[in-house]
Amino acid sequence: MKLRFWLLDVNYETKDATPELWMWGIDTKGNRVLIIDRNFKSYFYLVLEENTNPEKLIKEIQGRKNEFPLILKTEQVKKKYFGKPVNALKVTVQNPEVMSKYANILGKIEDVERCLEDDVRFSMRYLIDNDVSPCEWHEIEVEQAEDVVEALTDKVYLAKSFPERVEEVEVPKLRVLGFSLICYSERGMPKPDKDPVVIISVATNAGDEKQFVAENLKDKAVIADFVNFVRQFNPDIIVGFGTNRQDWPYLIQRAQKSGLKLHVDRVETEPHTSVYGHVSVTGRANIDLFDFTDELPEVKLKTLENVADYLDVMKLEKRTIIEDIEYASYWDDEEKRPRLLKYSKENAQCIMGITDALLDFAMQLSSLVSLPLDHVGTAAVGFRIEWYLTKKAHRIGELIPKRTQHPYIPYKGGIVLKPKKGLYENVAVLDFKAMYPSLMITYNISPDTYLSPKESDPPSGVNMAPKTKHRFSKEPAGFYKEILLSLIEERNKTKAQLEKLDPKSLEHRVLDARQKAVKVITNAAYGYAGWIGARWYVKPVAEAAADLGRHTIQETIEIAKEIGLEVVYGDTDSIFIKYEPDKAVKLAQKIDEKFGLEIKPDKIYVRILFTEAKKRYCGLLPNGELDIVGLEVIRGDWADVARKSQEKVLEILLKERSQKKAIQYVHQYIADLRAKKAPYKDLIIWKALTKPIEKYAVKAPHVEAAKMLKKEGWEISTGDKVGYVITSGTGRLYTRVKPFMFASYEDVDIEYYVTHQLVPAVARILNVFDVKEEELFPSKRTLDSFLS
DNA sequence: GCATGAAAAATACCC
DNA sequence: ACGGGTATTTTTCATGCG
């Protein structure tokens, strides 16, 4: 029978030395299905030296049958490697586990130049070769096979054909379950070897809200009830916030300690950590929403409550917030415990709300790059695009390069103009549309079109980057050109479709997510090319794109000046001009003629303020909003007193244009700060640890704070943000640091915040008007009048 | 020993 | 674990002074 299904997850098993690909999905009737495919075999390639006789080599390999009993087939194939035609042998094996071993031995044969694709994992091989994508519909020939395996699905099938993609936008109705833990510890961070899980809050998209609560600090029943609930609800997707790193490992350990099996899977297994550090729950997609918060750079401190607030899921003002350090005191106090329960319940609710906002994007990204839904979030950007490239490369016969070590050699990037400080009226930003992707398309810049200095020009001719002199063959169209063209085309099509749809419709949401995913991948191609960790790392590709970018923007500036436009600033792919619409149109036309690139007004500022510094400015938009770029307001590593006061000063200066009022405002703010009127929270400075504590060469404040946390039982790892305050005292700053939860308002050195946070931030702005720092401190009189 | 200033380390931003 | 360009703060280190 033919079955149409939407692919949720894949995993791979070996049964009787036969690899099996398990596809978990949902059919058109809403049945949960498991399809097992036993017909697919893995393989790798042996790329041959030139002038090698393939038949002879095939015979040799066949002759060594004893050595390689699991080789099923060895055949000659024509492939490409970085665009060059090569002869290769495709070696198909019975069991993927022997691939690397066989490849290693065979790779050493004299006539074999290199061995490729033995490092492609079985399940990914399956997705690539059959053009199967997670979160997409497929059709497949199957037969029922209920007895094969016990799974929490409606049906189990054996595949009788390979799946074929079916174009369909609609996503089936999925069952989603969100959960959040509260763990109890008397002191410091909870440790799974001793501290119990006291609350598990669960919410589902069917409207269930459940809480499993410990009695007498015993969590065996809590976990058992949770597992039962999961099995009974049988979700397709399990979501949480920070679950890959915290909740799952904790639950796994607690279950182990209680002798419980954490049977939340669709087969009799348990969650386990897998590729890219994600926790895999077989048969379901386990998603950690935290992994998608990179897409929200506006949220500086990525806590559940901040993300929920930003996405309008639950506003901070309406939330119950309890710091983790306080959990125990809330739990122990009969009167306060309900608030802890409420907090936990809200956590689960926020998780569901965030899922609503991010899941479409996650699914579109998964579908686009072909990484399973539960992997795609944990995979770094470089790996996401690499999977996309891998799939496309396979289609055009390009072999997938090995990941090899490359030395890091930096190259020149974009141009940044130095702004003249001051306030400007009516400034437009002219942006190149997708500059790097467009340049790569126009000049056919690609790993497979690059010509090394040794190679001579091909008959079709070459494109050459102006300064670096890197050459790229004009024909045939490179791998990147094809991919980028189709991505850009797809995005344009999707955006056109969006305009016809009701913004609230389901289809609109899906397509909008698609459009975003496509954009992310398009823009990542340039960076990927210059990443030394990339399989297709070809530095000249990135270098040439940057070179042409510089050339293009420089020419643009020249032409703009010829036309009579005043250029006040520019960064990489944009120029800021005193806006004259007619001239801007003329410029766009010339750019189109000369480079075949599109430049158009993006933002138009009523007024814009430049400091002397590059990459830091603030513009007033026609709708009255401030567009603040690079300044302390949008930096997460400044105390809120600095950020808030700077923002207000900018607002006064740009909207009301009153220097005097701005200075008065600063005076008042400082007076209030000295009177301890600022919330304690506004004094916390957050900084990320970018490496393990012991690797730091200097005694930095946030590292010292992290050490204190560690000493008190907190687990601190790379990437964590440390929140600290500066306390009174003398000597080096790092000696006066305390984690914010270990200090109180009385400990804080307010003068530090005045002179090292607030004043520098506002002075940076008022400096533009030649206001001196001394003028920013409240006069004695102001202080006196305040004190009296 | 200490003030001073330049260099290095560190972070987070822009595009 | 996608690129380079940039501003900024704090620590560290070299240097000159006395």
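Throughout, protein chains are lettered first and strands after them, A, B, ... in sequence-line order, and every chain is numbered starting at 1. These numbers come from a predicted model, not from an experiment.
One can place CD1 of A/I575 at 17 Å from C1' of B/dC14, the figure rounded to the nearest angstrom. Taking atom CZ on A/F432 and atom C1' on B/dC14, their separation rounds to 18 Å, with Å as the unit. A/K721 has its NZ atom 14 Å from the C1' atom of B/dA10, to the nearest Å. For the pair A/Q757 CD and B/dT11 C1', the computed distance is 13 Å after rounding to whole Å. The separation between A/D720 atom CG and B/dA10 atom P is 17 Å, rounded to whole Å. Summarising the geometry, the separation between NZ on A/K300 and C1' on B/dC13 is reported as 8 Å, rounded to the nearest angstrom. Nucleotide B/dA9 holds its P atom 16 Å from the NZ atom of A/K695, rounded to whole Å. For the pair A/L733 CG and B/dT11 P, the computed distance is 15 Å after rounding to whole Å.
Contacts of A/A542 with the nucleic acid, taken as non-hydrogen atoms under 4.0 Å apart, are absent. Heavy atoms of A/R616 sit under 4.0 angstrom from primed sugar atoms or phosphate atoms, though from no base atom. Contact annotation for A/Y752: backbone-only contact, meaning every heavy-atom pair under 4.0 Å involves sugar-phosphate atoms and none involves a base. Among the atoms of the strands shown, only primed sugar atoms or phosphate atoms (P, OP1, OP2) are found under 4.0 Å from some heavy atom of A/Y408. Within the 4.0 angstrom heavy-atom criterion, only backbone atoms of the sugar-phosphate kind lie near A/Y696; the bases stay farther away. Within 4.0 Å of A/I385, counting heavy atoms only, lies no atom of the nucleic acid at all. Residue A/A688 is in sugar-phosphate contact alone, with no base atom involved, counting any heavy-atom pair closer than 4.0 Å across all strands shown. Looking at heavy-atom distances under 4.0 Å, A/K691 makes contact with sugar-phosphate atoms alone, never a base. A/G630 comes within contact range of the sugar-phosphate backbone alone, with a heavy-atom separation under 4.0 Å but no base atom that close. At a threshold of 4.0 angstrom between heavy atoms, the contacts of A/R550 with the nucleic acid are absent. Across all strands shown, A/W536 has no heavy atoms under 4.0 Å from either base or sugar-phosphate atoms. Residue contacts for A/G530: at a heavy-atom cut-off of 4.0 Å it reaches the sugar-phosphate backbone alone, with no base atom in range. A/R732 comes within 4.0 angstrom of a base, heavy atoms only. Backbone-only contact: A/T690 has heavy atoms under 4.0 Å from sugar-phosphate atoms and none from a base.
Using cut-offs of 30° and 60° for the angle between ring planes, the A/H278 and A/H375 rings count as tilted. Under the 30°/60° scheme for interplanar angles, the aromatic rings of A/F576 and A/Y605 are found to lie parallel.
Checked by atom type, the side-chain pair A/Y310/A/E298 shows a donor-acceptor distance below 3.5 Å. For the residue pair A/T390 / A/R535, no side-chain donor-acceptor distance below 3.5 Å is found, with atom types taken as modelled. There is no side-chain donor-acceptor pair under 3.5 Å between A/W248 and A/D288. For A/S446 and A/K481, the side-chain atoms include no donor-acceptor pair closer than 3.5 Å.
When DNA chain C is scanned 5' to 3' for any atom under 4.0 Å from a heavy atom of chain A, the first and last hits are C/dA1 to C/dT12.
For the residue pair A/L371 and A/A379, the shortest heavy atom distance occurs at CD1-CB, 3.9 Å. What you find for A/L758 and A/V641 is that their closest heavy atoms are CD1-O, 4.1 Å.
For A/K421, the NZ atom counts as densely surrounded, since its 6.0 Å shell holds more than 12 non-hydrogen atoms of other residues, nucleotides or ligands.
A close approach under 4.0 Å does occur between a side-chain nitrogen or oxygen of A/Y617 and OP1 or OP2 of B/dC15.
Closest-nucleotide positions on DNA chain C for A/K699 and A/P760 were compared, and the one nearer the 5' end corresponds to A/P760.
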